[in-house]
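Read through the structure below, which is laid out as structure tokens, and then see the notes.
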2 protein chains.
Amino acid sequence: MASQNGSCSEDPGKRQAILEQAIRTFAELGFRGADVQIIADRAGVGKGTVYRYFKSKGDLFWATTYEVMLRLDRHVFQAMEGVEGACAKLRASAVAYSHFFVDDPRYLALFLQDIAEFRGSGPESHREHREKMIHKMGELLQQGIEAGELRPVDTRQTTLALGSLLFGATALGSHLKLMPVARMTEYAVDIFLRGIRSDVSLEAEPSCLMESRKQ
Amino acid sequence: MASQNGSCSEDPGKRQAILEQAIRTFAELGFRGADVQIIADRAGVGKGTVYRYFKSKGDLFWATTYEVMLRLDRHVFQAMEGVEGACAKLRASAVAYSHFFVDDPRYLALFLQDIAEFRGSGPESHREHREKMIHKMGELLQQGIEAGELRPVDTRQTTLALGSLLFGATALGSHLKLMPVARMTEYAVDIFLRGIRSDVSLEAEPSCLMESRKQ
DNA sequence: TATCACGGACGGACCAGTCCGTCCATTTAA
DNA sequence: TTAAATGGACGGACTGGTCCGTCCGTGATA
């Protein structure tokens, strides 16, 4: 994923410019559809220069998905700062997650490319980072359980289930256009939360789903 | 999606053979990676023959995704036959859904191609069929609500949320290989069900998630 | 002048869709 | 019943175009 460097001196600004245009171009045209020449043109460099900073087209692609992973990570965990309570934190993370992809659909396109084209394979670094994010979410759940706000669920499985829900809602929602993604996500997360909340917590603060019973 | 026919006589068997090999090849190599020549070779016909049965490579691709949609539909709704109760039916459909893609990963690859490459666009027929499936699931939820087994949730939104969960669990699960897909799906659906079950139904038949409280 | 980052022309591989000659099944004529 | 004629389904060579990765000439810098 990293630039292979060798002995040449590299300009981080130029590297970043190429990366940024790669995100844009891969998202628009897909991995195969994206001509490296276009990325070079957009970044204002020659094609040879692209190959100086990145070993191959594939390498460049991995660098872009890694970059987006980092951005998603920052975005989601920043959104949880200052929020109190496990349920509220989870909801905040879900909202941030869906906004991340709705605000910039290129990111979603890139992730889908990754999965569709490369079956989510990719360098070890990607896997490691993913594992780190899963772990962080797991800890958050654990705190919620210890605080009595959540039932004692399996934290890893629950994290993966929540991740699946968010990914599915975002991917399907964005593409099938059956309903606004943000609303869809919030609704789905509410159901999910009601499913993992402790009964005590449920009585204390009924979810919006409960309210619909009045209808 | 349909073969454009014109005035030539067509052999349904040959069409089916081409379609079958197209599923296989698109799944293995992706839309762009799949050479029509390979599909032709595998189906035991000439390349020209492929273009006799399908207007273009894209047309052939739509025909394959439509075919898979039909199979998924049959598979899921067949699994619900003879099952009593809304929750049990939903669980059965979820299990069938995940099995459909786990048993034949080509189907998942095809769907992901569809979303990644074509942004879920595609002929009107696809949209219509999808809408029909959503409607059928919605009716099922409605029956569960009327029977008092489920809380009075919005059936369409809930269907979409469940669909998102299933899709996400299958797609992420299959590719990230973090956990067996079937187990992941069952777990996620249990959480989901607990979130939409009526309290009465919950007391009567505690979900497996409840049991984990004993730990 | 020597060094080196850089750009872009180029080689070669690959592929969608077309088009024409072949071959087979069916029909007509003897 | 056999032989010739006809039409159209079929195969695959071919064309026009695309795109990856390399390599070499150029211009900036020290």
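Letters go in sequence order (proteins before strands), and every chain restarts at 1.
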inquiry  = Using a 4.0 Å cut-off on heavy atoms, which residues in residues 31-48 of chain A reach DNA chain C? List them by number, or say none.
reply    = Gly44(A), Val45(A), Gly46(A), Lys47(A), Gly48(A)
task = Provide the full list of salt bridge (Lys or Arg N to Asp or Glu O under 4.0 Å) pairs with a residue in residues 21-38 of chain B, sequence neighbours left out, each pair given once.
result = Arg24(B)-Glu28(B), Glu28(B)-Arg42(B), Arg32(B)-Glu117(B)
request  = Go through dA9(D), dG21(D), dA5(C) for me and flag the one nearest to the Arg52(A) side chain.
outcome  = dA5(C)
inquiry  = Just by distance, no angles: are the side chains of Glu139(B) and Gln143(B) close enough, under 3.5 Å, to form a donor-acceptor pair?
reply    = no
request  = Give a yes or no on whether His75(B) atom NE2 has more than 12 heavy-atom contacts from other residues, nucleotides or ligands under 6.0 Å away.
outcome  = yes
query = To the nearest angstrom, how far is Phe54(A) atom CZ from dT22(D) atom P?
reply = 16 Å
inquiry  = Of the options dC6(C), dA16(C), dG21(D), whose atoms approach the side-chain atoms of Lys14(A) most closely?
reply    = dC6(C)
query = Can Asp73(A) and Lys132(A) be counted as an ion pair, charged N to O under 4.0 angstrom?
reply = no
What pairs of nitrogen or oxygen atoms, one from the protein and one from nucleotides 24-30 of chain D, lie under 3.5 Å apart?
none

ask   = What's the OH-C1' distance between Tyr51(B) and dT15(D), to the nearest Å?
value = 14 Å
ask   = Is the shortest side-chain N to carboxylate O distance from Glu67(A) to Arg71(A) below 4.0 Å?
value = yes
inquiry  = Let's see if you can work this out: which of dC10(D), dG21(D), dC6(C) has an atom nearest to the side-chain heavy atoms of Thr49(B)?
reply    = dC10(D)
inquiry  = Taking the side chain as everything from C-beta on, heavy atoms only, tell me whether Leu178(B) gets closer than 4.5 Å to Glu131(A).
reply    = yes
query = Would you say the side chain of Ile18(A) lies within less than 4.5 Å of the side chain of Phe54(A), judging by non-hydrogen atoms?
reply = yes
